[in-house]
Enquirer: 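Below you will find the structure I want to go over with you.
Sequential numbering from 1 along the given sequence is applied to the chain's residues. Keep in mind it's a predicted model, so treat the numbers as computed, not measured.
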Amino acid sequence: MRMRHALAAVAAAVSIAGVTAGPAQAAEYTSVLKVKGVQYDAPGTDSNRCSGGNTKNEYLTIKNYSRTAKVNLKGYAVKDAAGNKYTFTANHTLEPGDYVKLRGGKGTNSDAGNVVYRQNCNFIWNNDKDTIYLLKPGGAKADVHSYTKRANDPDGNGYINYHG
């Protein structure tokens, strides 16, 4: 008799837990570097011409959220769901609270201007949906975000803010 009541109590608890459990949360990675935001849809008509195109207006902002640690981006990589990838090959140190904009197109990288160019005139982020992977030098995930234009960009300006 006790066994039947105990089993009924366990079944009730499991049933209640199943009903009250919230949605699964996105994984939180242990990295001080995070994707602050993405301009996934460059303003204007998309043109990936190296001369006169607008790929430089598509960018990803990566921020160092540490209060004390400097982070060198050399070896970090950014990729999309299709596997298009950019790896930071040069030293670019982010001070605590500092950020860098990784832009498409060709240009001159600048520590002072907080900008790195992919030196590639093709767009990397899809205008409708994609997944952004920020990878540590060994390949471990530092931050990951999936988006859809409809769900994550209510004002339709092509920019999504993640970690503020």
Side-chain angles (χ1 to χ4, degrees), residues 24-44 46-164:
Q25 297 297 317
E28 188 63 32
Y29 300 96
T30 57
S31 173
V32 295
L33 287 186
K34 300 221 181 275
V35 175
K36 181 178 185 287
V38 62
Q39 180 72 50
Y40 67 91
D41 187 0
D46 285 354
S47 172
N48 63 356
R49 291 177 299 146
C50 284
S51 177
N54 65 338
T55 55
K56 69 179 184 295
N57 296 326
E58 179 187 86
Y59 61 89
L60 180 73
T61 304
I62 300 168
K63 183 175 178 180
N64 178 357
Y65 284 89
S66 172
R67 292 183 183 184
T68 57
K70 295 179 184 180
V71 180
N72 188 345
L73 289 173
K74 186 174 183 175
Y76 276 82
V78 172
K79 75 175 190 170
D80 70 350
N84 297 303
K85 187 175 180 180
Y86 173 82
T87 302
F88 291 88
T89 57
N91 290 317
H92 188 100
T93 300
L94 294 180
E95 298 289 329
D98 203 5
Y99 68 91
V100 66
K101 285 187 178 180
L102 175 61
R103 291 190 174 276
K106 295 184 177 187
T108 303
N109 297 342
S110 169
D111 280 341
N114 293 329
V115 65
V116 173
Y117 288 88
R118 291 189 297 110
Q119 306 303 337
N120 182 322
C121 296
N122 293 319
F123 292 97
I124 190 170
W125 311 116
N126 292 329
N127 289 350
D128 59 344
K129 63 181 178 180
D130 212 332
T131 301
I132 301 165
Y133 298 91
L134 175 60
L135 305 172
K136 295 178 181 179
K141 294 174 184 166
D143 200 15
V144 177
H145 294 280
S146 292
Y147 67 85
T148 65
K149 183 173 190 148
R150 178 175 291 206
N152 303 106
D153 187 10
D155 63 4
N157 69 354
Y159 184 83
I160 300 170
N161 188 30
Y162 290 111
H163 293 284

Enquirer: Could you pull out the closest heavy-atom pair between N72 and A90, with the gap in Å?
Expert: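 So the minimum-distance heavy-atom pair works out to OD1-O, 4.4 Å.
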Enquirer: Give every residue pair that meets the salt bridge (charged side-chain N to carboxylate O under 4.0 Å, His left out) criterion with at least one member in residues 152-164, sequence neighbours excluded.
Expert: none
Enquirer: Testing the basics here: between K136 and A142, what is the closest heavy-atom pair and its distance to 0.1 Å?
Expert: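 Closest approach of K136 to A142, heavy atoms only: CG-CB, 3.9 Å.
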Enquirer: Keeping to residues at least two apart or across chains, list the disulfide (SG to SG under 2.5 Å) pairs with something in residues 60-117.
Expert: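 For residues 60-117: none.
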Enquirer: With side chain to side chain donor-acceptor pair (under 3.5 Å) as the criterion, how do S47 and R49 come out once you've worked through the C-alpha distance, each side chain's angles and the decisive distance to 0.1 Å?
Expert: CA-CA 6 Å; S47 172; R49 291 177 299 146; 3.0 Å; yes
Enquirer: Going by the rule side-chain hydrogen bond (donor to acceptor under 3.5 Å, both in side chains), which residues pair with N109 if we only count those two or more places apart in sequence or in a different chain?
Expert: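 Listed in chain order: nothing, the list is empty.
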Enquirer: Which heavy atom of V35 sits nearest to which heavy atom of D143, and what is that distance?
Expert: N-OD2, 2.8 Å
Enquirer: Could you work out, with side-chain hydrogen bond (donor to acceptor under 3.5 Å, both in side chains) as the rule, every residue matching N48, not counting sequence neighbours?
Expert: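 Result, side-chain hydrogen bond (donor to acceptor under 3.5 Å, both in side chains) vs N48: N122.
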Enquirer: What distance do T108 atom OG1 and Q119 atom CD have between them, rounded to the nearest 0.5 Å?
Expert: 7.5 Å
Enquirer: Checking the side chain of Q39 only, and the main-chain atoms of T61 only, is there a donor and an acceptor separated by less than 3.5 Å?
Expert: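 Not a single qualifying donor-acceptor pair exists.
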Enquirer: Could you list all the disulfide (SG to SG under 2.5 Å) pairs where at least one residue sits in residues 124-164, not counting sequence neighbours?
Expert: none
Enquirer: If I take atom CG from residue N126 and atom CG from residue N84, how far apart are they, to the nearest 0.5 angstrom?
Expert: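 If I round to the nearest 0.5 Å, the distance is 8.5 Å.
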Enquirer: Hey, mind stepping through I62 and K36 against side-chain contact (heavy atoms from CB on, under 4.5 Å) and telling me if it holds?
Expert: CA-CA 5 Å; I62 300 168; K36 181 178 185 287; over 6 Å; no
Enquirer: Hey, does Y65 have a side-chain heavy atom less than 4.5 Å from the side chain of L33?
Expert: no
Enquirer: For Y59, enumerate each residue passing the side-chain hydrogen bond (donor to acceptor under 3.5 Å, both in side chains) test, keeping only those at least two apart in sequence or located in another chain.
Expert: none
Enquirer: Can you tell me which residue pairs pass the salt bridge (charged side-chain N to carboxylate O under 4.0 Å, His left out) test with a partner in residues 70-95, sequence neighbours excluded?
Expert: K70-E95
Enquirer: If you look only at pairs with a residue in residues 98-164, which of them pass as a disulfide (SG to SG under 2.5 Å), with sequence neighbours excluded?
Expert: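 Matches after skipping sequence neighbours: C50-C121.
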Enquirer: Indicate yes or no: at least one non-hydrogen side-chain atom of I132 is less than 4.5 angstrom from one of L60.
Expert: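 In short, these two side chains touch, coming nearer than 4.5 Å.
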Enquirer: Can you pull the disulfide (SG to SG under 2.5 Å) pairs that have at least one residue in residues 68-110, sequence neighbours excluded?
Expert: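 Residue pairs with at least one partner in residues 68-110: there are none.
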Enquirer: Take a 6.0 Å sphere around NZ of K129 and say whether it holds more than 12 heavy atoms from other residues, nucleotides or ligands.
Expert: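 It does not: K129 NZ has 12 such atoms or fewer within range.
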Enquirer: Any side-chain heavy-atom pair from T55 and N120 closer than 4.5 angstrom?
Expert: no
Enquirer: Would you call the rings of Y147 and Y40 parallel, tilted or perpendicular if under 30° counts as parallel and over 60° as perpendicular?
Expert: tilted
Enquirer: Applying ring-ring contact (aromatic ring centres under 6.0 Å, His included), which residue pairs with at least one partner in residues 68-91 are found, sequence neighbours left out?
Expert: Y86-F88
Enquirer: Excluding sequence neighbours, so at least two apart, what forms side-chain hydrogen bond (donor to acceptor under 3.5 Å, both in side chains) with T131?
Expert: S146
Enquirer: Pick one: which of L135, L134, L73 meets side chain to side chain contact (heavy atoms under 4.5 Å, CB included) with V78?
Expert: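 When L135, L134, L73 are each tested with V78, the side chain to side chain contact (heavy atoms under 4.5 Å, CB included) holds only for L134.
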Enquirer: Does the side chain of R150 pick up a donor-acceptor pair with the side chain of T148 at under 3.5 Å?
Expert: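 Not at all, the side chains of R150 and T148 share no donor-acceptor pair under 3.5 Å.
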Enquirer: Compile the donor-acceptor pairs under 3.5 Å between side chains in residues 98-106 and protein atoms, sequence neighbours left out, one pair per line.
Expert:
from, atom 1, to, atom 2, distance (Å)
R103, NH1, K56, O, 2.6

Enquirer: So does T68 get a backbone contact from the side chain of S66, meaning a donor-acceptor N/O pair under 3.5 Å?
Expert: yes
Enquirer: Would a 4.5 Å heavy-atom cut-off, applied to side chains only, mark N127 and D46 as touching?
Expert: yes
Enquirer: Evaluate the side-chain proximity of F123 to D41: yes if any heavy-atom separation is below 4.5 Å, no if none is.
Expert: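 No. Closest side-chain heavy atoms not under 4.5 Å.
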